[in-house]
Amino acid sequence: MPRMLLPHDVWVLVGDGRKALLLRNHGDAAYPDLRTSAIFHDEPNPPSSAQGTDRPGRSIEHASGRRSGMEETDLHILAEQRFVQSVAEALSDRVTEIGALVVVAPPRTLAALRAAFSNGLRKNIVAEINKDLTHHPVHAIERILTGKPPT
């Protein structure tokens, strides 16, 4: 990943469909110091087998009598979409304090965030990075984004 400059007071959102970190650079571009401003967690989501026991639906075409199965709704994807929407709303509420924003998320989450952000928040986005860094500690996120070698 190319070296990225994180200027003073830039905000960094690192998230996926279940967890998100809102970080702020208290340092400068040469010596970044990312600190956690907010942490968002999804509600516990039980396995699919515990959420529904019905068989997938069937439909019958009346003219020909053909039967076909219906695809089951993926409740985990719906939960991720609700979570992303709630994170976007929380950031939109803070749009006046968020200046420049860097968004780091896997592709599906990045697309959902992009669609859920308010126009005011979209104008503040300076970079989007297609990467899942939610399971890294903050110092490692800082190192990965700036391209600095590990210490």
Side-chain angles (χ1 to χ4, degrees), residues 1-54 56-57 59 69-151:
M1 190 170 131
R3 180 178 164 89
M4 178 178 206
L5 294 176
L6 298 173
H8 177 70
D9 270 348
V10 71
W11 293 77
V12 179
L13 175 68
V14 178
D16 61 13
R18 303 197 56 152
K19 180 182 176 184
L21 300 170
L22 184 60
L23 310 168
R24 186 174 187 181
N25 186 11
H26 289 268
D28 59 13
Y31 299 102
D33 179 20
L34 292 180
R35 296 184 193 169
T36 306
S37 177
I39 300 174
F40 305 95
H41 286 284
D42 191 12
E43 297 174 10
N45 197 350
S48 296
S49 60
Q51 294 187 32
T53 58
D54 289 344
S59 69
M70 294 181 165
E71 191 174 327
E72 229 177 305
T73 303
D74 190 337
L75 300 173
H76 293 101
I77 290 176
L78 290 176
E80 286 180 7
Q81 290 170 347
R82 280 192 302 270
F83 174 71
V84 165
Q85 185 67 35
S86 69
V87 169
E89 288 171 6
L91 264 62
S92 293
D93 291 343
R94 298 174 77 167
V95 72
T96 55
E97 56 178 296
I98 295 176
L101 177 66
V102 175
V103 182
V104 183
R108 186 169 61 193
T109 305
L110 193 57
L113 281 167
R114 200 178 291 132
F117 283 152
S118 66
N119 288 333
L121 197 56
R122 268 190 223 124
K123 291 176 186 175
N124 294 348
I125 297 175
V126 294
E128 293 179 343
I129 300 171
N130 176 7
K131 204 164 190 67
D132 187 0
L133 299 178
T134 52
H135 302 292
H136 293 301
V138 175
H139 66 86
I141 293 171
E142 182 180 298
R143 183 183 51 75
I144 292 168
L145 291 179
T146 59
K148 292 186 178 179
T151 54

Measure the spacing between [atom1] of [X] and [atom2] of [Y] and express it to the nearest 0.5 Å.
{"X": "R143", "Y": "L34", "atom1": "CZ", "atom2": "CG", "value": "12.5 Å"}
{"X": "L101", "Y": "R24", "atom1": "CG", "atom2": "CZ", "value": "12.0 Å"}
{"X": "L22", "Y": "T36", "atom1": "CG", "atom2": "OG1", "value": "9.0 Å"}
{"X": "H135", "Y": "D16", "atom1": "NE2", "atom2": "CG", "value": "5.0 Å"}
{"X": "Q85", "Y": "F117", "atom1": "CD", "atom2": "CZ", "value": "10.5 Å"}
{"X": "L21", "Y": "H41", "atom1": "CG", "atom2": "NE2", "value": "7.5 Å"}

- prompt: Between L145 and L133, does a side chain to side chain contact (heavy atoms under 4.5 Å, CB included) hold up when you go through it step by step?
  reply: CA-CA 10 Å; L145 291 179; L133 299 178; 4.2 Å; yes
message: Enumerate the salt bridge (Lys or Arg N to Asp or Glu O under 4.0 Å) contacts for residues 98-109, please, sequence neighbours excluded, ordered by first and then second residue.
response: E80-R108
message: I'd like to know whether N25 forms a side chain to side chain contact (heavy atoms under 4.5 Å, CB included) with V12, so could you lay out the CA-CA distance, the side-chain angles of the two residues, the decisive distance to 0.1 Å, and finally the verdict.
response: CA-CA 8 Å; N25 186 11; V12 179; over 6 Å; no
Partners meeting side chain to side chain donor-acceptor pair (under 3.5 Å) with [X] (sequence neighbours left out):
{"X": "D33", "answer": "R35"}
{"X": "S37", "answer": "R94"}
{"X": "R114", "answer": "E128"}
{"X": "D132", "answer": "T134"}

query: Any sub-3.5 Å donor-acceptor pair from D42's side-chain atoms to F83's backbone N or O?
result: no
query: Is there a side-chain contact between I144 and V104, using heavy atoms and a 4.5 Å cut-off?
result: no
Nearest non-hydrogen partners of [X] and [Y], listed with the distance:
{"X": "E142", "Y": "P32", "answer": "OE2-O, 3.1 Å"}
{"X": "G15", "Y": "P106", "answer": "O-CD, 3.2 Å"}
{"X": "A127", "Y": "M4", "answer": "CB-CE, 3.3 Å"}
{"X": "L121", "Y": "V95", "answer": "N-CG2, 3.7 Å"}

statement: Residues passing the side chain to side chain contact (heavy atoms under 4.5 Å, CB included) test with V84, sequence neighbours excluded, are T109, A112, L113
message: What verdict does the side chain to side chain contact (heavy atoms under 4.5 Å, CB included) test give for V14 and H136, after you've listed the backbone C-alpha separation in whole Å, the side-chain angles of each residue and the deciding distance to 0.1 Å?
response: CA-CA 10 Å; V14 178; H136 293 301; over 6 Å; no
